[in-house]
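Below: the structure, in structure tokens.
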Amino acid sequence: VSTQSTGNFWLAGIPVDQAVDFRYQRDSSCASYDRKVVSLDTRDQYQTFSILEPLFRKPPALASSPVVNMPFITDTLLQQYYSLDAEVARELVGRGQKMTAKLRKDLDTISDKTGITLKSCLRQYDNIKRIYKEVDEKEGKVAHNIQRYYGLSPTLCQQYAAIIYILDNRIDVAPRKVPGLTYPALVKCVSVLMSEWCPSYEGSSDMDTDRAFLKELHSLKDKVSESMLIGMVNHGCESLKNNPEYPKNFVFELRKLSAKLMSIGYSLVHTKDYTDIFIDLDEMILRPWASAGLPFSLLEVGLSKLLGCYVTAVANSGLYTTVSTFERYLRPVSSCLLVLANS
């Protein structure tokens with residue numbers, strides 16, 4: 001009899017009696033069996049999964065165990081064991097704390113809010129905590145270390161890496177502060193930041209942000225004045241002022257956006273400001289842009305023009321060496337803003 005659906009019930013924390021009812025009444029693979037057989041089979045599988053659970057927690061032990069030759073021990077089940085429900089993961093990272101005993105006590109509340117069983121919430125909490133502990137302070141890419149030890153899919157590895165980065169850097173993503181930030185959008189944004197802003201030299205880890213880069217970004221405050229920022233936008237967007245395809249306030253709002261965007265960048269060197277990056281992008285950039293009546297499609301146009309404007313402005317000011325720092329800041333921030341806008 002099929003075991004994959006039974007494994008899904010077990011992982012979701014569905015009581016065995018409910019699993020029996022569902023399989024007997026709706027599972028086509030059980031159609032030729034009477035209820036007693038389905039019941040015995042389901043209970044046997046639940047018991048087997050419980051016996052095997054310690055091996056799922058230690059994939060290397062699973063790989064070397066003779067039970068892997070049994071037909072129901074598949075890579076699919078391992079991936080499912082470490083799967084994450086978007087609603088649960090979003091709540092866990094939005095609580096503003098690492099995998100603490102206090103957070104574990106909040107799982108009842110998270111279960112009630114998301115409609116995911118407490119057992120499933122507990123499994124996901126324990127998996128995040130276990131993987132975090134395993135890769136903490138290890139050199140190299142977090143996702144690569146997760147894949148090497150746990151054998152998870154690239155998608156799952158990246159999800160766990162993003163969650164670990166959020167927790168380790170205490171990035172504030174509380175739903176009440178950034179209500180439009182969905183879990184998929186959050187993973188995308190954090191993955192971009194990890195790729196662009198984490199050090200890549202030997203012995204480094206992408207759980208750490210490149211402090212040298214943040215200091216270079218902060219130093220631009222003394223080199224690129226607000227008047228220079230406004231001037232570069234005016235000069236770069238001169239042709240758009242009388243273009244009927246663009247609202248009359250487009251250039252005006254883009255000037256304000258550029259100043260606020262750089263203000264956020266200058267402050268990232270401070271830990272508190274870095275933890276608030278998504279809150280600031282939402283409150284200082286996205287909300288004012290929307291309040292000005294401008295569509296987010298024009299935000300993409302504006303952001304794409306800023307780099308060109310900057311290059312032109314600093315080239316005439318002897319500050320061309322700052323372009324790489326500005327670009328390293330603007331590229332991922334632009335990506336995050338567009339992801340957040342679409343979410």
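- Residues Leu303 and Leu257 meet the side-chain proximity criterion, which asks for heavy atoms closer than 4.5 Å.
- Of all the heavy atoms in Ala162 and Met194, the pair that sits closest is CA-SD, 4.1 Å.
- With rounding to the nearest 0.5 Å, the separation of NZ in Lys138 from CD1 in Ile146 is 11.0 Å.
- Using modelled atom types, one side-chain atom of Asp34 and one backbone atom of Lys36 make a donor-acceptor pair closer than 3.5 Å.
- Under a hydrophobic-cluster definition in which Ile, Leu, Val, Met, Phe, Trp and Tyr are linked whenever side-chain heavy atoms come within less than 4.5 Å, directly or via other members, Leu118 and Tyr46 are assigned to the same cluster.
- Residues satisfying the salt bridge (Lys or Arg N to Asp or Glu O under 4.0 Å) criterion with Arg287, sequence neighbours excluded, are Asp282.
- Residues Asn145 and Val142 form no side-chain contact, since every pair of their non-hydrogen atoms from C-beta on lies 4.5 Å or further apart.
- Rounded to the nearest 0.5 angstrom, Cys121 SG and Asp106 CG are separated by 11.5 Å.
- Put simply, Met99 and Leu122 are part of the same group of oily side chains (I, L, V, M, F, W, Y) that touch within less than 4.5 Å, one to the next.
- Counting non-hydrogen atoms of other residues, nucleotides and ligands closer than 6.0 Å to NZ of Lys260 gives a total above 12.
- Within 6.0 Å of the CD atom in Glu283, the count of heavy atoms belonging to other residues, nucleotides or ligands exceeds 12.
- Both Phe296 and Val251 belong to a single network of hydrophobic side chains, linked directly or stepwise wherever heavy atoms of I, L, V, M, F, W or Y lie under 4.5 Å apart.
- Checking side-chain atoms of Asn342 against main-chain N and O of Leu338 turns up a donor-acceptor pair under 3.5 Å.
- Under the 4.5 Å side-chain heavy-atom criterion for grouping Ile, Leu, Val, Met, Phe, Trp and Tyr, Val192 is not connected to Leu306 through any hydrophobic cluster.
- Within 6.0 Å of NZ in Lys188 there are 12 or fewer heavy atoms belonging to other residues, nucleotides or ligands.
- Of the possible donor and acceptor atoms, none in the side chain of Asp85 sits under 3.5 Å from a partner among the backbone N and O of Glu87.
- Taking Arg148 as the reference, nothing meets the salt bridge (Lys or Arg N to Asp or Glu O under 4.0 Å) condition, with sequence neighbours excluded.
- Here Arg130 contributes atom CZ and Tyr149 contributes atom OH; the two are 9.5 Å apart, rounded to the nearest 0.5 Å.
- Remark: Arg57 engages Glu53 in a salt bridge, criterion side-chain N to carboxylate O under 4.0 Å.
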Apply side chain to side chain contact (heavy atoms under 4.5 Å, CB included) to the pair Tyr125 and Arg104, showing each step before the final yes or no. CA-CA 7 Å; Tyr125 166 91; Arg104 203 173 198 271; 3.5 Å; yes
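- In this structure, the side chains of Leu220 and Thr325 come closer than 4.5 Å at one or more pairs of heavy atoms.
- In this structure, Leu286 is a member of the same hydrophobic cluster as Leu330, with clusters built from ILVMFWY side-chain heavy atoms closer than 4.5 Å.
- The backbone N or O of Arg35 sits nowhere less than 3.5 Å from a side-chain atom of Ser39 that would complete a donor-acceptor pair.
- Using a cut-off of 4.0 Å between Lys/Arg side-chain N and Asp/Glu carboxylate O, Glu91 and Lys113 are scored as salt-bridged.
- Partners of Glu253 according to the side chain to side chain contact (heavy atoms under 4.5 Å, CB included) rule, which considers only residues two or more places apart in sequence or in another chain, are Asn249, Lys256, Trp289, Ala292, Leu294.
- Listed by chain and number, the residues in a side chain to side chain donor-acceptor pair (under 3.5 Å) with Asp172 are Lys177 (sequence neighbours excluded).
- No option in Asn8, Leu52, Leu11 other than Leu11 meets the side chain to side chain contact (heavy atoms under 4.5 Å, CB included) test with Leu77.
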Please walk me through it: do His218 and Leu268 pass side chain to side chain contact (heavy atoms under 4.5 Å, CB included)? CA-CA 8 Å; His218 179 70; Leu268 292 179; over 6 Å; no
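- Atom CD1 of Ile163 and atom CG of Leu92 lie 7.5 Å apart (nearest 0.5 Å).
- How far CG of Leu181 is from CZ of Arg90: 5.0 Å, rounded to the nearest 0.5 Å.
- The side chain to side chain donor-acceptor pair (under 3.5 Å) check on Asp208 picks up nothing, with sequence neighbours excluded.
- For residues 300-309, the set of pairs meeting the side-chain hydrogen bond (donor to acceptor under 3.5 Å, both in side chains) definition, not counting sequence neighbours, is empty.
- The shortest non-hydrogen separation linking Cys336 to Leu281 is CB-CD1, 4.4 Å.
- A donor-acceptor contact shorter than 3.5 Å links the side chain of Ser258 to the backbone of Arg255.
- With salt bridges taken as basic N to acidic carboxylate O contacts below 4.0 Å, one links Arg43 and Asp17.
- Among residues two or more places apart in sequence or in another chain, the side chain to side chain donor-acceptor pair (under 3.5 Å) test is passed with Gln159 by Tyr183.
- Separating the CD atom in Glu245 from the CZ atom in Phe250 is a distance of 11.5 Å, to the nearest 0.5 Å.
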Check: residues 269-280 side-chain donor-acceptor pairs under 3.5 Å, at least two apart:
unit_1: Lys272; atom_1: NZ; unit_2: Asp276; atom_2: OD1; d: 3.4
unit_1: Lys272; atom_1: NZ; unit_2: Asp276; atom_2: OD2; d: 2.4
unit_1: Tyr274; atom_1: OH; unit_2: Tyr165; atom_2: OH; d: 2.6
unit_1: Tyr274; atom_1: OH; unit_2: Thr209; atom_2: OG1; d: 3.4
unit_1: Thr275; atom_1: OG1; unit_2: Lys272; atom_2: O; d: 2.6

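- Residues satisfying the salt bridge (Lys or Arg N to Asp or Glu O under 4.0 Å) criterion with Lys215, sequence neighbours excluded, are absent altogether.
- Between Gln124 and Ile116 the shortest side-chain heavy-atom distance falls below 4.5 Å.
- The shortest distance between side-chain heavy atoms of Asn127 and Tyr160 falls below 4.5 Å.
- Among residues at least two apart or in separate chains, there is no salt bridge (Lys or Arg N to Asp or Glu O under 4.0 Å) pair with a member in residues 332-343.
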Residues Val16, Trp10; criterion side chain to side chain contact (heavy atoms under 4.5 Å, CB included); working and verdict: CA-CA 8 Å; Val16 66; Trp10 175 74; over 6 Å; no
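- Distance alone, capped at 3.5 Å, is enough to place a donor-acceptor pair between the Trp197 side chain and the Arg328 backbone.
- Here the side chain of Lys223 pairs no donor or acceptor atom with the backbone of Ser219 at under 3.5 angstrom.
- For Gln158, the side chain to side chain donor-acceptor pair (under 3.5 Å) criterion is met by Ser191, not counting sequence neighbours.
- Side-chain atoms of Leu340 and Val178, non-hydrogen and from C-beta on, never get closer than 4.5 Å to each other.
- Side chain of Ser111 to backbone of Leu107: no donor-acceptor contact under 3.5 angstrom is found.
- Between the Gln147 side chain and the Cys157 main chain, no donor and acceptor come within less than 3.5 Å of each other.
- No side-chain heavy atom of Val20 sits less than 4.5 Å from a side-chain heavy atom of Asp41.
- Taking the side chain as every heavy atom from C-beta outward, Ile264 and Ile285 approach each other to under 4.5 Å.
- For residues 80-122, every residue pair satisfying the ring pair (Phe, Tyr, Trp, His ring centres under 6.0 Å) rule, not counting sequence neighbours, is listed here: Phe56-Tyr81, Tyr82-Tyr150.
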